[in-house]
2 protein chains.
Amino acid sequence: MSQEGAGVDLKTSLGYLLKEASSALRAAMEAVLRPLGMTVTHYSCLELLAQRPGLSNSELARGAFVTRQSMNVLLQALERDGYVTRPAEAPVGKVLPTRLTPRGRHSLEQATVAVRSVELRMLAGLTESEQSDALRILRSMVRSLRDANDGG
Amino acid sequence: MSQEGAGVDLKTSLGYLLKEASSALRAAMEAVLRPLGMTVTHYSCLELLAQRPGLSNSELARGAFVTRQSMNVLLQALERDGYVTRPAEAPVGKVLPTRLTPRGRHSLEQATVAVRSVELRMLAGLTESEQSDALRILRSMVRSLRDANDGG
DNA sequence: TGACTCATGTCAGTAGTCTGACATAGCTTG
DNA sequence: CAAGCTATGTCAGACTACTGACATGAGTCA
């Protein structure tokens with residue numbers, strides 16, 4: 001391991017550290033979701049539907065940070081396996097409101113317990129004030145990045 | 001857009017916000033790297049090699065947060081296209097030290113400018129003190145997650 | 001009404017990453 | 001020395017997510 005050689009300025013780059021933290025979080029979530037046969041996007045989709053029943057495919061995609069095409073593939077699988085339902089025809093426009101089935105809700109319950117334990121572990125070393133600092137700082141970073149990405 | 005309906009507790013979840021920030025950063029980086037024909041992992045690999053010449057495939061993989069198999073595929077392409085070089089035989093053990101070629105260095109220079117502008121944009125709304133807070137907090141989160149992931 | 005713009009759902013093909021597996025080199029331990 | 005453990009490089013197959021493209025429905029405006 002020649003990694004302890006010299007902490008170059010990668011370790012002081014907030015972008016690099018953000019990627020490292022996100023990667024660690026994703027790995028931890030995958031580790032606890034795998035025994036349940038779920039991926040992170042799979043779980044995100046169910047969690048979004050539990051908190052906001054009737055979300056459309058595109059809205060779910062934005063909420064899970066994937067394209068609507070990717071979410072569409074996932075939704076078709078979830079629908080086929082009986083975790084969610086969508087009306088055959090759109091009540092209005094082309095938007096198909098999606099809802100959890102009892103089976104989906106049950107599956108989500110197990111996943112939520114697992115994911116919550118990961119989040120608690122992640123927050124273990126932080127004070128309340130540090131947690132709210134982190135929320136505020138991350139929101140600012142998202143806003144700055146999104147402004148220039150969407151608008152130009 | 002029914003998204004402004006109610007900020008449920010997803011918006012207060014540090015894990016969710018971390019994913020959102022990371023997703024926004026990744027999208028912004030992809031947007032500026034695409035015109036250069038580079039992916040984020042591609043750039044990460046070159047940047048790591050510039051800062052630490054002679055890193056092995058496995059070390060690059062850890063530094064770019066992908067598996068060594070994925071990095072191996074990338075390195076073979078980079079080597080084929082003349083961005084990096086690796087000795088045909090390992091000087092010691094099986095480890096193949098990788099180095100940038102002049103072409104690789106030149107390619108990295110353009111990418112670095114683009115990526116630095118993204119990072120500056122991301123930090124635009126933050127004070128110096130907030131930036132160092134963010135570094136400290138993210139490091140703590142990484143440590144907490146990694147301890148339980150590697151060691152258990 | 002008709003043209004234009006935007007968002008949505010969906011199909012198809014591509015690219016990046018992952019898991020699984022194997023052989024090999026170095027280190028440790030009995 | 002032999003056995004076992006760990007780390008590495010590599011190949012192959014599978015999966016996930018992405019880009020590109022198309023048709024359709026809603027809203028805007030002349």
Side-chain angles (χ1 to χ4, degrees), chain A residues 1-3 19 22-23 26-31 33-35 37-45 54-81 84-98 149-151, chain B residues 1-4 19 22-23 26-31 33-35 37-45 54-81 84-98 150-151:
Chain A
M1 255 9 120
S2 64
Q3 253 175 340
K19 189 175 171 184
S22 166
S23 167
R26 184 174 193 87
M29 287 183 65
E30 280 171 353
L33 288 176
R34 183 182 311 279
M38 261 192 230
T39 66
V40 175
T41 304
H42 183 141
Y43 159 75
S44 299
C45 178
L55 280 187
S56 71
N57 174 36
S58 288
E59 288 168 329
L60 286 168
R62 281 192 291 269
F65 312 113
V66 297
T67 63
R68 66 186 195 278
Q69 292 92 329
S70 297
M71 183 55 73
N72 188 35
V73 172
L74 175 59
L75 275 185
Q76 287 175 354
L78 291 178
E79 194 173 11
R80 168 176 48 80
D81 297 342
V84 305
T85 53
R86 285 192 292 181
E89 299 226 337
V92 52
K94 297 186 67 178
V95 178
L96 293 174
T98 312
N149 234 34
D150 294 353
Chain B
M1 251 15 116
S2 65
Q3 252 173 341
E4 54 265 44
K19 189 175 171 185
S22 167
S23 168
R26 184 175 193 88
M29 287 184 66
E30 281 172 350
L33 289 175
R34 184 182 311 279
M38 262 191 229
T39 66
V40 175
T41 305
H42 181 140
Y43 159 75
S44 299
C45 176
L55 282 187
S56 71
N57 175 36
S58 288
E59 289 168 328
L60 287 168
R62 282 191 291 269
F65 311 113
V66 296
T67 63
R68 66 185 196 279
Q69 291 92 329
S70 297
M71 182 55 72
N72 189 35
V73 172
L74 174 60
L75 275 184
Q76 287 176 352
L78 291 178
E79 193 173 13
R80 167 175 50 80
D81 297 341
V84 306
T85 54
R86 287 192 291 181
E89 299 227 334
V92 52
K94 299 185 66 176
V95 177
L96 292 173
T98 312
D150 294 353

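We name chains A, B, ... by the order of the sequence lines, and we start the count at 1 in each one. The structure displayed is predicted, hence computed values, not measured ones.
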Considering only heavy side-chain atoms of A:S70, the closest of D:dA17, D:dT10, C:dG9 is D:dA17

To the nearest angstrom, how far is B:L33 atom CG from C:dG16 atom P? 13 Å

OP1 or OP2 of D:dT16 under 4.0 Å from side-chain N/O of A:T39: no

Which nucleotide wins on minimum distance to the side chain of A:V66, given the candidates C:dT17, D:dC18, C:dT8? D:dC18

What nucleotide among D:dA17, C:dC18, C:dT8 has an atom nearest to a side-chain atom of B:T67? C:dC18

Between B:V92 and B:R26, whichever has its closest DNA chain C nucleotide further toward 5' is B:R26

Identify which one of A:T98, A:L78, A:V66 satisfies the side chain to side chain contact (heavy atoms under 4.5 Å, CB included) criterion when paired with A:M71. A:V66

Taking only side-chain N and O atoms of A:T41, does any of them lie within less than 4.0 angstrom of OP1 or OP2 on D:dA17? yes

Verify the contact: side-chain N or O of B:R86 to OP1 or OP2 of D:dT10, cut-off strictly under 4.0 Å; return yes or no. yes

Which atoms form the tightest heavy-atom contact between B:S56 and B:V95, and what is the distance? CB-CG1, 3.3 Å

Whichever of A:F65 and A:G93 has the more 5' nearest nucleotide on DNA chain D, that residue is A:F65

Can you tell me how far C1' of D:dT10 sits from CD of B:E89, to the nearest Å? 15 Å

Close side-chain approach of B:L75 to B:C45, heavy-atom, < 4.5 Å: yes

Using a cut-off of strictly less than 4.0 Å, decide whether A:R34 has a side-chain nitrogen or oxygen near OP1 or OP2 of C:dC18. no

To the nearest angstrom, how far is A:L74 atom CG from C:dG9 atom C1'? 15 Å

Rounding to a whole Å, what distance do you find between A:M29:CE and C:dC18:C1'? 17 Å

Side chain A:Q69 and base D:dG20 donor-acceptor under 3.5 Å: yes

Whole Å only: how far is the CZ atom of A:R68 from the P atom of D:dC22? 14 Å

Is there a donor-acceptor contact under 3.5 Å linking the side chains of B:S44 and B:T41? no

Rounded to whole Å, the NE2-C1' distance (A:H42 to D:dA17) equals 16 Å

Measure from CG on A:L96 to P on C:dA7 and round the result to the nearest Å. 18 Å

Does the side chain of B:R26 reach to within under 4.5 Å of the side chain of B:V40, using non-hydrogen atoms? yes

Taken to the nearest whole Å, CG/B:N57 to P/C:dT24 is 19 Å

Please confirm whether the shortest side-chain N or O distance from B:N72 to OP1 or OP2 of D:dG9 is below 4.0 Å. no

Per A:K94 side chain, nearest of listed nucleotides C:dT10, C:dT8, D:dC11: C:dT8

